[in-house]
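Position 1 is the first residue of the sequence, and the numbers go up from there.
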Amino acid sequence: MADGRLVLGTRRYSSWSMRGWLAVRLAGLDVTEVVVAPSPEGRVLSDPTVSPSGLVPFLEHRGARVWDSLAIVEYCAELAPSLWPADRIARAHARAIAAEMHGGLRGLRLAMPMNLGGAFAGRGRTPEALADIARVEAIWADTRARFGGDGPYLFGTAFGAADAMYAPVVARFLTWAPEISAASRAYVDAVRAHSLVDAWYRAAMAEPPEWRIARFEVPA
């Protein structure tokens with residue numbers, strides 16, 4: 001019998017669900033997954049029967065009730081501390097860049113929403129989105145230079161909590177194809193090739209066609 005459940009939105013579009021799911025799977029939690037189908041209008045879910053906030057993801061695990069993706073990451077890291085780097089300074093940096101991603105990058109989110117089945121190269125390049133992309137690339141370059149060593153991920157050879165937080169940004173870069181550096185492209189490719197990220201993509205492609213949201217499939 002599972003130790004709880006993880007409530008998710010559609011894998012095709014729900015970036016926050018992707019982050020929470022990656023953290024839960026990296027920590028090895030035994031939970032049942034419940035996917036909430038989107039409304040035809042694609043409105044932000046706001047249903048108090050789904051979670052205390054009305055939003056996803058929502059984790060129930062051994063009596064704990066955790067909503068918000070970053071809170072889920074921190075909960076998972078309590079059970080699997082290796083999700084954050086072992087070194088104090090590296091761990092502080094990882095938390096800082098994860099929090100910045102969680103609370104910022106609004107221009108990128110609005111102009112280039114996550115759509116794992118989309119292909120919108122050359123579109124969505126608003127000044128705000130391009131500024132956010134430049135900031136993401138600076139974060140990745142600085143982190144990899146200081147803490148990445150010879151590994152393909154932000155903090156070396158292990159895919160961790162910070163990588164999980166940036167995985168939907170990687171997905172956006174793959175869908176919208178902005179111009180990025182060779183180093184950023186190598187990181188994007190490494191994240192996409194990770195087995196858990198690939199599993200999320202495969203599950204997204206298997207979702208029912210009626211779950212498609214028109215305004216995300218035909219962007220302005």
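- Across all non-hydrogen atoms, the minimal contact from Ala99 to Leu70 is CA-CD2, 4.3 Å.
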Would Val197 and Met18 count as a side-chain contact (heavy atoms from CB on, under 4.5 Å) if you check the C-alpha gap in whole Å, the side-chain angles of each, and the deciding distance to 0.1 Å? CA-CA 9 Å; Val197 174; Met18 185 182 190; 4.1 Å; yes
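- Side-chain contact between Pro57 and Val7: absent, with no pair of heavy atoms (C-beta onward) separated by less than 4.5 Å.
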Dump the intermediate steps for side-chain contact (heavy atoms from CB on, under 4.5 Å) on Cys76 and Leu26, then the final yes or no. CA-CA 8 Å; Cys76 289; Leu26 286 168; over 6 Å; no
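- Between Gly107 and Thr126, the shortest heavy-atom contact is O-OG1, 4.5 Å.
- Taking 4.5 Å as the limit, every side-chain heavy atom of Ser69 sits out of range of all side-chain heavy atoms of Val73.
- For Arg125, the CZ atom counts as densely surrounded, since its 6.0 Å shell holds more than 12 non-hydrogen atoms of other residues, nucleotides or ligands.
- To the nearest 0.5 Å, the span separating CG on Leu108 from CD1 on Ile133 amounts to 5.5 Å.
- Looking at every heavy atom in both residues, Arg144 comes nearest to Pro152 through NE-O, 4.1 Å.
- Between His102 and Trp16, the gap from one ring centroid to the other is short of 6.0 Å.
- Remark: side-chain polar atoms of Asp163 are paired, donor with acceptor, to backbone N or O of Leu154 under 3.5 angstrom.
- Electrostatic pairing of Glu100 and Arg95 does not count as a salt bridge here, judged by no charged N lying under 4.0 Å from a carboxylate O.
- A pairwise comparison of heavy atoms in Val56 and Ser17 identifies CG2-OG, 3.7 Å as the closest pair.
- Using a 4.5 Å heavy-atom threshold, the side chains of Val31 and Arg25 count as touching.
- Hydrophobic clustering (side-chain heavy atoms under 4.5 Å, transitive across Ile, Leu, Val, Met, Phe, Trp, Tyr) keeps Phe120 apart from Leu110.
- In summary, Glu137 and Arg185 do not engage in a salt bridge, as defined by a charged side-chain N under 4.0 Å from a carboxylate O.
- For Glu210, the CD atom counts as densely surrounded, since its 6.0 Å shell holds more than 12 non-hydrogen atoms of other residues, nucleotides or ligands.
- Using a 4.5 Å cut-off on side-chain heavy atoms (C-beta onward), Phe155 and Thr143 make contact.
- The existence of a salt bridge linking Asp87 and Arg91 is excluded, since no basic side-chain nitrogen approaches an acidic carboxylate oxygen closer than 4.0 Å.
- Ring pair Trp200/Trp21 is tilted by interplanar angle, where 30° to 60° counts as tilted.
- Residues Glu207 and Thr10 come closest through the heavy atom pair OE1-OG1, 2.5 Å.
- Judged by a 6.0 Å distance limit and a 45° cone about the ring axis, Arg65 is not positioned over the six-membered ring of Phe58.
- Asp3 contributes no side-chain N or O that, together with a main-chain N or O of His61, makes up a donor-acceptor pair within less than 3.5 Å.
- At a threshold of 4.5 Å between non-hydrogen side-chain atoms, the residues Arg109 and Met114 do not count as touching.
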Apply the test side-chain hydrogen bond (donor to acceptor under 3.5 Å, both in side chains) to residues Tyr153 and His194: give CA-CA distance (whole Å), side-chain angles for both, the deciding distance (0.1 Å), then the verdict. CA-CA 10 Å; Tyr153 304 116; His194 190 275; 4.7 Å; no
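- Within the 4.5 Å cutoff, the side chain of Trp211 has no heavy atoms near those of the Arg12 side chain.
- Under the 4.5 Å side-chain criterion, counting only non-hydrogen atoms from C-beta, Val34 is not in contact with Leu8.
- Annotation: side chain of Leu59 is in contact with side chain of Leu29 (closest heavy-atom distance under 4.5 Å).
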Can you give each donor-acceptor pair under 3.5 Å made by side-chain atoms of residues 164-174, sequence neighbours left out, with the distance rounded to 0.1 Å?
residue, atom, partner, partner atom, Å
Tyr166, OH, Ile97, O, 2.8
Arg172, NE, Met112, O, 2.7

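- Smallest separation of non-hydrogen atoms from Tyr13 and Glu217: OH-OE2, 2.6 Å.
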